[in-house]
Q: 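Before anything else, here's the structure in question.
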Amino acid sequence: MPSEPNHVVEFPGGYTRSVGPVIGRFLSELRDGRMVGVRTAGGRVLVPPQECDPETGEDVTGEFVEVGPAGTVTTWSWVPRPAKEHPFGRPFAWALIRPDGADTALLHALDLGVFEEGAAPPKFLKTGMRVRPKYRAERTGTIGDIECFLPEVTMINPQAALEYRLKGGQALGRFLEGVAEGRLIGHRCPVCEKVIVPMKGFCPRDGVPTSEEVELPDIGTVTTFAVNNIPDPRAPEVPFVSGYVLLDGAGLTMLTLVAGIPADQVRMGMRVKAAWRPREEWTHSMSNIKWFEPIDEPDVPFEEIKDFM
């Protein structure tokens with residue numbers, strides 16, 4: 001078991017030292033919410049500033065250059081279990097950060113959000129990530145005037161809703177008129193003689209205009225389907241099934257919900273019938289049909305529906 005320290009070196013009145021003109025300028029700028037570096041005789045910008053060029057030992061030029069505020073993480077170390085001396089009581093990272101316009105990096109804390117103690121580093125913590133300083137509201141001229149660095153905002157997830165009115169056009173409008181009356185109306189193609197429902201005003205196979213109306217029954221066959229596990233306000237429960245239904249007499253399938261049976265029991269070839277909402281709820285909308293549900297008829301053989309997959 002670790003023991004409590006029994007020796008403490010303490011300066012009751014604090015420890016005062018002169019920082020000199022180079023470091024003093026750096027700390028003064030921090031107090032004012034700015035970051036500066038100093039230029040060497042070779043043209044490099046040192047951050048934090050130093051009085052001598054660490055590569056040559058020569059005095060720096062005395063030319064100060066404002067850098068940042070954004071910077072780039074050059075390397076980092078994750079702290080999953082912070083000690084009491086650390087700046088955060090939750091996992092964080094120490095990082096070497098090179099401010100924009102600087103040639104060297106400074107060491108500081110990088111706050112990446114709230115994580116449980118012992119957590120692994122987040123996947124977005126990477127060398128090269130862009131960060132910005134978070135300055136304290138009250139600053140005194142120390143490196144602690146930067147509370148920490150934070151990742152730059154690169155992505156947002158706004159909550160948005162778009163309301164619009166869709167005009168269906170002549171063919172779709174006529175189809176929805178039929179739905180408002182409890183009827184499913186299609187168009188017969190003059191070339192292939194297939195009945196297209198919902199009607200489109202043209203045959204998607206032959207590309208010719210269509211106008212001959214044909215009323216179809218609200219009974220059909222499931223040709224193919226998908227089981228969905230993401231909630232949908234139109235569906236009765238999760239998981240639910242969306243499927244393509246070939247109405248009797250139609251030459252084209254229509255996409256609809258399939259319910260009234262557990263999702264894992266829906267199958268290709270299953271016979272289904274439209275489940276209409278109460279008459280007083282009908283509008284010019286396909287929502288008049290809640291879904292298609294199974295009926296007590298034998299399944300249609302695959303060979304008869306394979307061309308509608």
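Bear in mind that the values here come from a model prediction, so they are computed numbers and not experimental data.
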Q: Within the side chain of Asp145, is there an N or O that forms a donor-acceptor pair under 3.5 Å with the backbone of Gly33?
A: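 Checked: no pair found.
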Q: Under 3.5 Å, is there a donor on one side chain and an acceptor on the other for Arg98 and Thr104?
A: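 No, no side-chain donor-acceptor pair sits under 3.5 Å.
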Q: Holding to salt bridge (charged side-chain N to carboxylate O under 4.0 Å, His left out), I want the full list of residues that pass it with Glu55, two or more places apart in sequence or in another chain.
A: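 By the salt bridge (charged side-chain N to carboxylate O under 4.0 Å, His left out) rule, Glu55 matches Arg44.
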Q: Grouping I, L, V, M, F, W and Y whenever their side-chain heavy atoms are under 4.5 Å apart, do Leu96 and Val45 come out in a common cluster?
A: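 Different hydrophobic clusters.
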Q: Name all residues meeting the side chain to side chain contact (heavy atoms under 4.5 Å, CB included) criterion together with Pro278; count only those two or more places apart in sequence or in a different chain, and write none if there are none.
A: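 With neighbours one apart ignored, the set is Glu280, Glu281.
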Q: Hey, quick one: are Leu246 and Met270 part of the same hydrophobic cluster, counting side-chain heavy atoms closer than 4.5 Å, chains of contacts allowed?
A: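 No, Leu246 and Met270 fall in different hydrophobic clusters.
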Q: Should we count CD of Gln265 as having more than 12 external heavy atoms under 6.0 Å?
A: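 For Gln265, atom CD is crowded (more than 12 foreign heavy atoms under 6.0 Å).
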Q: Report yes or no: do Met309 and Leu255 belong to one cluster of Ile/Leu/Val/Met/Phe/Trp/Tyr joined by side chain heavy-atom distances under 4.5 Å?
A: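 Each belongs to a different hydrophobic cluster.
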Q: Return each pair, listed once, that meets ring pair (Phe, Tyr, Trp, His ring centres under 6.0 Å) where at least one residue sits in residues 281-309; pairs must be two or more places apart or across chains.
A: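 Listed once each, the pairs are Trp276-Trp282.
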Q: Would you compute the distance between atom OG1 of Thr74 and atom CG of Leu106 and round it to the nearest 0.5 angstrom?
A: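 The OG1 atom of Thr74 sits 9.5 Å away from the CG atom of Leu106.
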Q: Can you find a heavy atom in the side chain of Phe149 that is under 4.5 Å from one in the side chain of Met129?
A: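 Counting from C-beta outward, Phe149 and Met129 never come under 4.5 Å.
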Q: Do the side chains of Cys148 and Pro87 get nearer than 4.5 Å, heavy atoms only?
A: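 A side-chain contact under 4.5 Å is absent here.
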Q: For residues 112-120, which side-chain donor-acceptor pairs fall under 3.5 Å, sequence neighbours excluded?
A:
none

Q: Is there a chain of hydrophobic side chains (I, L, V, M, F, W, Y, each step under 4.5 Å between heavy atoms) that links Val245 to Ile219?
A: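 No, Val245 and Ile219 fall in different hydrophobic clusters.
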Q: Could you tell me which non-hydrogen atom of Ile261 sits nearest to which non-hydrogen atom of Pro294, and how far apart they are?
A: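 Of all heavy-atom pairs spanning Ile261 and Pro294, the closest is CB-CG, 3.8 Å.
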Q: If I take atom CD1 from residue Ile97 and atom CD1 from residue Ile146, how far apart are they, to the nearest 0.5 angstrom?
A: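 These two atoms lie 8.5 Å from each other.
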Q: Looking at residues at least two apart in the chain, or sitting in another chain, which of them share a salt bridge (charged side-chain N to carboxylate O under 4.0 Å, His left out) with Lys126?
A: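 Lys126 satisfies salt bridge (charged side-chain N to carboxylate O under 4.0 Å, His left out) with no residue once adjacent residues are dropped.
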Q: Run through the side-chain heavy atoms of Ile, Leu, Val, Met, Phe, Trp and Tyr, join any pair under 4.5 Å, and report what else lands in Leu252's cluster.
A: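 The other cluster members (ILVMFWY side chains, heavy atoms under 4.5 Å, direct or chained) are Ile196.
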Q: After noting the C-alpha distance and the side-chain angles of Phe26 and Val22, does the key distance pass the side-chain contact (heavy atoms from CB on, under 4.5 Å) rule?
A: CA-CA 7 Å; Phe26 175 69; Val22 176; over 6 Å; no
Q: Within the 4.5 Å heavy-atom criterion, are Met286 and Thr256 side-chain neighbours or not?
A: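 Side-chain contact under 4.5 Å: no.
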Q: Would you check if Trp78 and Leu125 make a side-chain contact, meaning some heavy-atom pair closer than 4.5 Å?
A: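 Trp78 reaches Leu125 side chain to side chain.
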Q: Can Tyr244 be reached from Met254 by stepping across I, L, V, M, F, W or Y side chains whose heavy atoms are under 4.5 Å apart?
A: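 Met254 and Tyr244: separate clusters.
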Q: Once the angle between the rings of Phe92 and Phe88 is folded into 0 to 90°, is it parallel (under 30°), tilted (30 to 60°) or perpendicular (over 60°)?
A: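 Ring orientation of Phe92 relative to Phe88: tilted.
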Q: Which heavy-atom pair separates Pro91 from Pro82 by the least distance, and what is that distance?
A: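 It is N-CG, 3.8 Å.
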Q: Which residues satisfy the salt bridge (charged side-chain N to carboxylate O under 4.0 Å, His left out) test with Asp111, sequence neighbours excluded?
A: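 Salt bridge (charged side-chain N to carboxylate O under 4.0 Å, His left out) check on Asp111 returns Arg90.
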Q: Holding to side chain to side chain contact (heavy atoms under 4.5 Å, CB included), I want the full list of residues that pass it with Arg25, two or more places apart in sequence or in another chain.
A: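 Checked Arg25 against side chain to side chain contact (heavy atoms under 4.5 Å, CB included); matches are Glu29, Val36, Phe64.
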Q: Can you find a pair of side-chain heavy atoms, one from Ser285 and one from Leu176, that are under 4.5 Å apart?
A: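 Side chain of Ser285 against side chain of Leu176, heavy atoms only: no contact under 4.5 Å found.
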Q: Does anything in residues 174-185 form a salt bridge (charged side-chain N to carboxylate O under 4.0 Å, His left out)? List the pairs, not counting sequence neighbours.
A: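 Every salt bridge (charged side-chain N to carboxylate O under 4.0 Å, His left out) pair that includes a residue of residues 174-185, provided the two are not neighbours, is Arg174-Glu177, Arg174-Glu213, Glu181-Arg183, Arg183-Glu215.
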Q: How long is the span from the SG atom in Cys52 to the CG atom in Asp59, to the nearest 0.5 Å?
A: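 Answer rounded to 0.5 Å: 5.0 Å.
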Q: Between Lys194 and Cys203, is any pair of side-chain heavy atoms under 4.5 Å apart?
A: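 Answer no - side chains too far apart.
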Q: Mind listing the closest non-hydrogen atom pair of Pro190 and Pro209 along with its distance?
A: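 Heavy atoms only, the tightest pair is CD-O, 3.7 Å.
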Q: Just how far is it from atom CG of Asp248 to atom CG of Leu184, taken to the nearest 0.5 Å?
A: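 CG of Leu184 is found 11.5 Å from CG of Asp248.
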Q: Do the side chain of Arg188 and the main chain of Val214 share a donor and acceptor less than 3.5 angstrom apart?
A: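 Answer holds: no.
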Q: Stepwise, does the side-chain contact (heavy atoms from CB on, under 4.5 Å) test hold for Asp232 with Phe240?
A: CA-CA 9 Å; Asp232 188 305; Phe240 68 93; 3.6 Å; yes
Q: side-chain contact (heavy atoms from CB on, under 4.5 Å), that's the test. Do Arg130 and Thr72 meet it? Break it down for me.
A: CA-CA 5 Å; Arg130 299 283 293 167; Thr72 303; 3.0 Å; yes
Q: If I compare all heavy atoms of Leu27 with all of Ile143, which pair ends up nearest, and what's the gap?
A: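 Nearest pair, atom of Leu27 first, then Ile143: CD2-N, 4.0 Å.
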Q: For a quick test of reading the model, state the closest non-hydrogen atom pair linking Pro49 to Ile23 and the distance between them.
A: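 So the two residues come closest at O-CD1, 3.0 Å.
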Q: Nearest 0.5 Å please: distance from the CE atom of Met199 over to the NE2 atom of His187.
A: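 Going from the CE atom of Met199 to the NE2 atom of His187 covers 4.0 Å.
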Q: Is any side-chain heavy atom of Arg139 closer than 4.5 Å to one of Leu30?
A: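 Of all side-chain heavy-atom pairs linking Arg139 with Leu30, none is under 4.5 Å.
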Q: Rounded at 0.5 Å granularity, tell me how far OG1 in Thr224 sits from CZ in Arg267.
A: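 The OG1 atom of Thr224 sits 14.5 Å away from the CZ atom of Arg267.
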Q: Salt bridge (charged side-chain N to carboxylate O under 4.0 Å, His left out) with Glu63: which residues, sequence neighbours excluded?
A: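 Only Arg39 meet the salt bridge (charged side-chain N to carboxylate O under 4.0 Å, His left out) criterion with Glu63.
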Q: State, to 0.1 Å, how close Tyr135 and Arg34 come at their nearest heavy-atom pair, and which atoms those are.
A: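 Looking at all heavy atoms of both residues, the closest pair is OH-C, 3.6 Å.
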Q: For a 4.5 angstrom cut-off between non-hydrogen side-chain atoms, does Val38 reach Gln50?
A: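 Side chain of Val38 against side chain of Gln50, heavy atoms only: no contact under 4.5 Å found.
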Q: Please step through side-chain contact (heavy atoms from CB on, under 4.5 Å) for the pair Ile185 and Val197, ending with a clear verdict.
A: CA-CA 7 Å; Ile185 305 173; Val197 58; over 6 Å; no
Q: Using the ring pair (Phe, Tyr, Trp, His ring centres under 6.0 Å) rule, collect all pairs that involve residues 197-238, keeping only residues at least two apart or in two chains.
A: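 Not a single pair qualifies under ring pair (Phe, Tyr, Trp, His ring centres under 6.0 Å).
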Q: Apply side chain to side chain contact (heavy atoms under 4.5 Å, CB included) to Val191 and list each qualifying residue two or more places apart in sequence or on a separate chain.
A: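 So Val191 forms a side chain to side chain contact (heavy atoms under 4.5 Å, CB included) with Cys189, Asp206, Val208.
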